[in-house]
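For ligands, and for the atoms within them, numbers begin at 1 and follow the listed sequence. Owing to the predicted nature of the structure, the values given are computational and were not obtained by experimental measurement.
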Amino acid sequence: MTWEPPHDGPLPQHHHNCLGCGDRNPHGHHLQVRLEGGALHARHTFDERHAGAPGITHGGAIATVLDDVFGFAGYLIGQPAVTRSLSIDYDRPVPVGAICDITARLERREDRKLFLTAEGVDASGARLFTARALFLVVDLQHFHGPRPPDSSARSSRTLL
Ligand SMILES: CCCCCCCCCCCCCC(=O)SCCNC(=O)CCNC(=O)[C@H](O)C(C)(C)COP(=O)(O)OP(=O)(O)OC[C@H]1O[C@@H](n2cnc3c(N)ncnc32)[C@H](O)[C@@H]1OP(=O)(O)O
């Protein structure tokens, strides 16, 4: 079967329990990531569960979301890829409850290496954070570690 690049629109979650995008993870961010003109987009609102300082989103929660949006780069190339490195510049505090628009791009590919960038802006377009990541393409065997007991959480709508 030949792989075809995805069309613009919503992309499938990684799997139901994914901390970033899984629809059945009660602790997850429930991200919905879209492909638009070659870029990955997610509109997200951090809530009180993600606070660090009162009213301000924890940097680790932002890192989680960025890592997961980057993880959708696999759909751009039709191969799974995982984080080798992730670097974030936090430009402004991200208020809890505020809309945050995240855009990520695959800047270039060198063999297995995917070089990615991302930016998050608020509703006025002001930059909140930027990030760079190196993802490495892996084969599906990479994910064949211990499985969660509830394997019924997987379905044909998910990759893993
Ligand atoms: C179909 C698509 C579906 C998409 C969905 C998929 C689901 C995914 C879900 C996503 C969920 C969200 C995301 C998540 O949460 S992903 C989960 C978090 N990440 C992980 O668990 C990954 C853990 N790490 C590993 O498993 C291994 O380290 C991997 C497999 C990543 C690489 O181990 P491997 O032994 O294979 O590779 P290597 O270390 O020799 O390195 C290879 C090359 O890279 C170069 N290098 C290394 N570091 C750097 C650096 N900092 N700057 C520049 N270059 C660097 C290095 O020199 C070498 O270059 P070269 O000598 O080859 O030229």
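Atoms of ligand 1 found under 4.0 Å from any heavy atom of Val138 (numbered from 1 in listed order, with element): 30 (C). For ligand 1, the atoms lying closer than 4.0 Å to a non-hydrogen atom of Thr83 are 13 (C), 14 (C), 15 (O), 16 (S), 18 (C), 19 (N), 20 (C), 22 (C). If you number the atoms of ligand 1 from 1 as listed, the ones under 4.0 Å from a heavy atom of Gln79 come out as 1 (C), 2 (C). Below 4.0 Å from some heavy atom of Ser85 lie the following atoms of ligand 1, by number and element: 51 (N).
Salt-bridge annotation for Glu107 and Arg105: absent, with no side-chain N of the basic residue lying under 4.0 Å from a carboxylate O of the acidic one.
The residue Glu110 has no part lying near ligand 1, judged by heavy-atom distances below 4.0 Å. Contact annotation for Leu136 and ligand 1: only side-chain heavy atoms (C-beta onward) come within less than 4.0 Å of the ligand.
Between the choices Arg84, Arg112, His14, the shortest heavy-atom distance to atom 34 (P) of ligand 1 belongs to Arg112. Comparing Ser87, Pro80, Gly74, Ala81 by heavy-atom distance to atom 8 (C) of ligand 1, the nearest is Ala81.
Sorted by first and then second residue, the pairs that involve residues 41-60 and meet salt bridge (charged side-chain N to carboxylate O under 4.0 Å, His left out), not counting sequence neighbours, are Arg43-Asp101, Asp47-Arg49.
Checked by atom type and distance alone, the side chain of Arg109 pairs as donor or acceptor with a backbone atom of Asp111 at under 3.5 Å.
When ring centroids are compared, His30 and His44 stay outside the 6.0 Å threshold.
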Going through the distances and angles, do His50 and His58 end up as a side chain to side chain contact (heavy atoms under 4.5 Å, CB included)?
CA-CA 6 Å; His50 312 124; His58 197 292; 5.5 Å; no

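Here the side chains of Ile62 and Tyr90 are in contact, with some heavy-atom distance below 4.5 Å.
The shortest N or O to N or O distance between Asp68 and ligand 1 is not below 3.5 Å. Considering backbone and side-chain N/O atoms, Tyr75 never comes within less than 3.5 Å of an N/O atom of ligand 1.
If you take OG1 on Thr83 and CG on Leu114, they are separated by 10.5 Å, rounding to the nearest 0.5 Å.
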